[in-house]
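Computation of the quantities below employed the complete heavy-atom set of this structure, encompassing side-chain atoms and omitting hydrogens, waters and symmetry-equivalent molecules. Proteins get letters first, then strands, A, B, ... in listed order; numbering begins at 1 in each. Keep in mind that this is a model prediction, so the values were computed, not measured.
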4 protein chains.
Amino acid sequence: MSSQKASATRKPLAAAPEAKAPSRRRGRERVATLLAAGAVVFADKGFDAATMTEIAARAGASIGSLYQFFPTKAALADALLEQHMNVVHAHLDAIAAQAATQPLPELARALCNALVATRSANPGFVALLDSGNIDPAVIATIRKAMRQQVAAILQRRAPHLPAAELAAAAAAVLQMMKSAAAMQADVTLPGREAALAELAQMLHAYLQVRLGG
Amino acid sequence: MSSQKASATRKPLAAAPEAKAPSRRRGRERVATLLAAGAVVFADKGFDAATMTEIAARAGASIGSLYQFFPTKAALADALLEQHMNVVHAHLDAIAAQAATQPLPELARALCNALVATRSANPGFVALLDSGNIDPAVIATIRKAMRQQVAAILQRRAPHLPAAELAAAAAAVLQMMKSAAAMQADVTLPGREAALAELAQMLHAYLQVRLGG
Amino acid sequence: MSSQKASATRKPLAAAPEAKAPSRRRGRERVATLLAAGAVVFADKGFDAATMTEIAARAGASIGSLYQFFPTKAALADALLEQHMNVVHAHLDAIAAQAATQPLPELARALCNALVATRSANPGFVALLDSGNIDPAVIATIRKAMRQQVAAILQRRAPHLPAAELAAAAAAVLQMMKSAAAMQADVTLPGREAALAELAQMLHAYLQVRLGG
Amino acid sequence: MSSQKASATRKPLAAAPEAKAPSRRRGRERVATLLAAGAVVFADKGFDAATMTEIAARAGASIGSLYQFFPTKAALADALLEQHMNVVHAHLDAIAAQAATQPLPELARALCNALVATRSANPGFVALLDSGNIDPAVIATIRKAMRQQVAAILQRRAPHLPAAELAAAAAAVLQMMKSAAAMQADVTLPGREAALAELAQMLHAYLQVRLGG
DNA sequence: TATGAATGAGGGTTCATTCAT
DNA sequence: CATGAATGAACCCTCATTCAT
């Protein structure tokens, strides 16, 4: 199964109260504004400390308006999450497309950067995932999907790796990718760029061992 | 400077609201109970969702008693953090003691396990660090101390590595150690043990490259 | 400068936490009710002993409603203060208008009664001013404004009094006016009316000396 | 009845829980320290905001020790009040002793200064009286006693004044004395000294009218 | 549909007072 | 007596959510 397909067949994350799809253009714009505001505020303060009132205010909307589209704080977070996951998946799909032909060090770097990029696009993402306020089932789903995408990437380089080993490697690589994102987010780290390069190096060394030179 | 010394000169983390030290035996026991309860509740729900009331209740104490020793929710978290850091630092010191003589794969495994172990001893640890409710300066201090300890460990294997490279490597290794702990905490991950082994492998491959065979 | 003008250019008292202005009619009514309730409760118990819960209850509102418009107990007090000051200033303006032509004993009586009247309209006023919970800068501002108004009144009778003497006299007269109000509030004082008359007498004697017959 | 006698027969102010008189020297010292600490803290923060814990701490005593001598926050305040009243009464007695022979302007000044002096010796005094936390009966008693002392002073100058007029005049003069004290406490008042002189002038003018030149 | 007022449970924190040691 | 830990009612304030207009 190609990862494109995987991402194409992805289903809405939550079974919970869904935002009613806005029928008019005006509505769609509003939703976008609200999501953007939510992204910023969640990123700034984390899920718990973020308030629906502030999000609405930042979007230039009334609190009532916000609730019209997102019946729950968690629903807003879910929507945000889904949106971000789409970006992430697209990123990984792009990497997968090149995976077979790219030199290994470049692949390593690309993987390391995957989450770094999307994460700086929206720093609140992780805060949400780790806040403990998101339905664990949703989180599990997300993680599984990402692992599968990473596995698909690795498989391009090592088509005959047994499924179990592939899965384990994918989990490890994904974890490493998260590490890179976390490191990128740590502004207090002196020599951050060098350390990030080191992480890429680490990934490269591993891929060499695992996938064969 | 030996890492033992480093840990000997470690200073209290918190700047502002310290836990008032109990002077009676009763008080000291209380503080221990309260810390334990806090650890559990923070681990369960994260910093924000944890309530002082629940912590007190779980400790079998009244809310007033809790506040007698920890003037603030954050102060309690700080105390917990400090306590945990002591464990972590001791762990790392122990690793450092063996670092020079140990076979490399074992060192890799030991590093991977360092945070895994302390973290399962108290799963709330990370939640606190990442919650955004802890004084960023405290967090920076903690991270720096850990990086230095890891650097000291690496230095035993590669005494002549330039300081800058050493620092970058330490940051990368530390990040990896955290990855292992995170992975360990993810109960939804199928084949977790295999994946953890893969992480150790990754670290090993990296150390080989970095520190020389 | 006429005292009317002075009162026209008066600015809002509070520096920091303003009452959020209601935009709907319902809200405006609420605010009025809440202010009234606050006035009563502050008067009854003083600032510290008054509770927001009681104020809300007395207004027939929920606690949340109260906080919607007054983000802080102090903000409510400030609003109340400002409202009362407006009444006081209007009173003093009225006195100023007649000051030039009125017989001196009548002026003395009017001054004595100025605060008595407004104060019985809202007995909590002084409690607030003296509670030590109001921003001292606000208090200083209030006092200064009152002194200036009293000075303006005196100036109508003695246009050529040097500014410094005028200011000192105004401060003394204002203090006397407060005395009258305090006396009025003391229900345990036997012969209160006679004593109040005595105070007016005292003021009259003073004005005669100061302003000339 | 001489005012000395009046002050000699004064009874304890409160019927409420009394502090047990300490039998040993050590105890008496402690009580003195506690009272002093209470005076300072009440003065600083007012009755409500003052905490028993802080008072004990400032006295270098434990909270338990404080409660050994003053079973209640109000009891402490009462004790303080009584102590201060003794000073005030002594002051007034001294004034009474000279009242008959002194030139009128000097008497006026002495009266104005009476409360000013004692009040700056302990600025918390008024805060207590006006805080609404002291038993109103106690307050009434205090006021009555002071009025009687002032009346006694006035009587020395005008022995034949009818009792009712004397009482009214005493009430007015007392109020004026409080005004002077309040004015003295107002650090924001520019030209405070001049204003105080004005107050003395006012009192003088009144006494001339009332008591005859 | 958009707005903003209304609601109230719940959270962190304080402090007078009590009591065992 | 002294000490300091223990208690818990009460306080101020927040915020997700609902609802009338």
Side-chain angles (χ1 to χ4, degrees), chain A residues 20 22-24 26-27 30 48-57 61-76, chain B residues 20-31 48-56 60-76, chain C residues 20 22-31 48-56 60-76, chain D residues 20 22-24 26-27 30 48-56 61-76:
Chain A
K20 192 169 65 176
S23 39
R24 309 185 201 263
R26 181 75 186 282
R30 182 125 281 191
D48 289 290
T51 78
M52 292 298 266
T53 303
E54 181 179 355
I55 292 171
S62 70
I63 181 69
S65 206
L66 174 52
Y67 271 90
Q68 207 114 50
F69 294 108
F70 302 98
T72 277
K73 195 180 174 183
L76 175 59
Chain B
K20 200 176 72 180
S23 63
R24 298 246 236 266
R25 172 135 63 89
R26 180 93 175 271
R28 246 164 293 142
E29 291 166 4
R30 256 285 140 91
V31 165
D48 288 294
T51 78
M52 291 298 265
T53 304
E54 181 180 355
I55 292 172
S62 69
I63 183 67
S65 232
L66 173 50
Y67 273 94
Q68 184 117 53
F69 296 108
F70 301 99
T72 280
K73 196 181 175 184
L76 175 58
Chain C
K20 201 178 71 181
S23 64
R24 298 248 235 267
R25 171 135 64 88
R26 182 94 176 270
R28 247 164 291 141
E29 290 166 5
R30 257 286 140 93
V31 165
D48 288 294
T51 79
M52 292 298 266
T53 303
E54 181 178 355
I55 292 171
S62 69
I63 183 68
S65 231
L66 174 50
Y67 274 95
Q68 184 117 53
F69 297 109
F70 302 99
T72 282
K73 196 180 174 183
L76 175 58
Chain D
K20 192 169 64 174
S23 39
R24 307 184 202 265
R26 182 75 187 281
R30 183 128 273 195
D48 288 290
T51 77
M52 292 298 266
T53 302
E54 181 179 356
I55 292 170
S62 70
I63 181 69
S65 207
L66 174 51
Y67 271 90
Q68 206 114 52
F69 295 108
F70 302 99
T72 277
K73 195 180 175 184
L76 175 59

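- Rounding to the nearest 0.5 Å gives a distance of 8.0 Å between OG of A:Ser62 and CD of A:Gln68.
- For the pair C:Arg30 and E:dA6, the criterion of a side-chain N or O lying under 4.0 Å from OP1 or OP2 is met.
- At the heavy-atom level, B:Arg28 lies nowhere under 4.0 Å from the strands shown.
- Nearest-nucleotide assignment on DNA chain F puts the 5′-proximal partner with D:Ala61, out of D:Ala61 and C:Thr51.
- Atom CG of B:Asp48 and atom NZ of B:Lys73 lie 5.5 Å apart (nearest 0.5 Å).
- What separates CZ of C:Phe69 from C1' of F:dC12 is a distance of 19 Å, to the nearest Å.
- What separates CD1 of A:Ile55 from P of F:dC15 is a distance of 11 Å, to the nearest Å.
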Sort me out a list of protein N/O and nucleotides 17-21 of chain F N/O pairs below 3.5 Å, or just none if empty.
unit_1, atom_1, unit_2, atom_2, d
F:dT17, OP2, A:Tyr67, OH, 3.3
F:dT17, OP2, A:Lys73, N, 3.1

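- Here the closest heavy-atom approach between residue C:Val31 and residue C:Pro22 is recorded as CG2-CG, 3.7 Å.
- Contact detail for B:Arg30 and B:Gly60: the closest heavy-atom pair is NH2-O, 3.3 Å.
- Atom pair D:Leu66:CG and F:dC1:P shows a separation of 16 Å (rounding to whole Å applied).
- The nearest pair of heavy atoms linking D:Leu76 to D:Met52 is CD2-SD, 4.3 Å.
- For DNA chain F, each stem of at least three Watson-Crick or G-U pairs (distances under 3.5 Å) is given as range with range: E:2-21 with F:2-21.
- Nucleotide F:dT14 holds its C1' atom 13 Å from the CD atom of A:Glu54, rounded to whole Å.
- Between the side chain of A:Thr72 and the backbone N or O of A:Ala75 there is no donor-acceptor pair closer than 3.5 Å.
- Listed pair A:Ser65 / E:dT3 meets the phosphate criterion, a side-chain N or O lying under 4.0 Å from OP1 or OP2.
- C:Asp48 places its CG atom 15 Å from the C1' atom of E:dA16, with the value rounded to the nearest Å.
- Under the 3.5 Å distance criterion, the side-chain polar atoms of B:Thr51 are matched with a main-chain donor or acceptor of B:Glu54.
- Proximity note for D:Gln68 (side chain, C-beta onward) versus F:dA2, F:dA6, E:dA2: the nearest is F:dA2.
- Contact annotation for B:Ala50: backbone-only contact, meaning every heavy-atom pair under 4.0 Å involves sugar-phosphate atoms and none involves a base.
- Annotation: of the two residues near DNA chain E, B:Ala49 and C:Pro22, the 5′-most nearest-nucleotide partner is C:Pro22.
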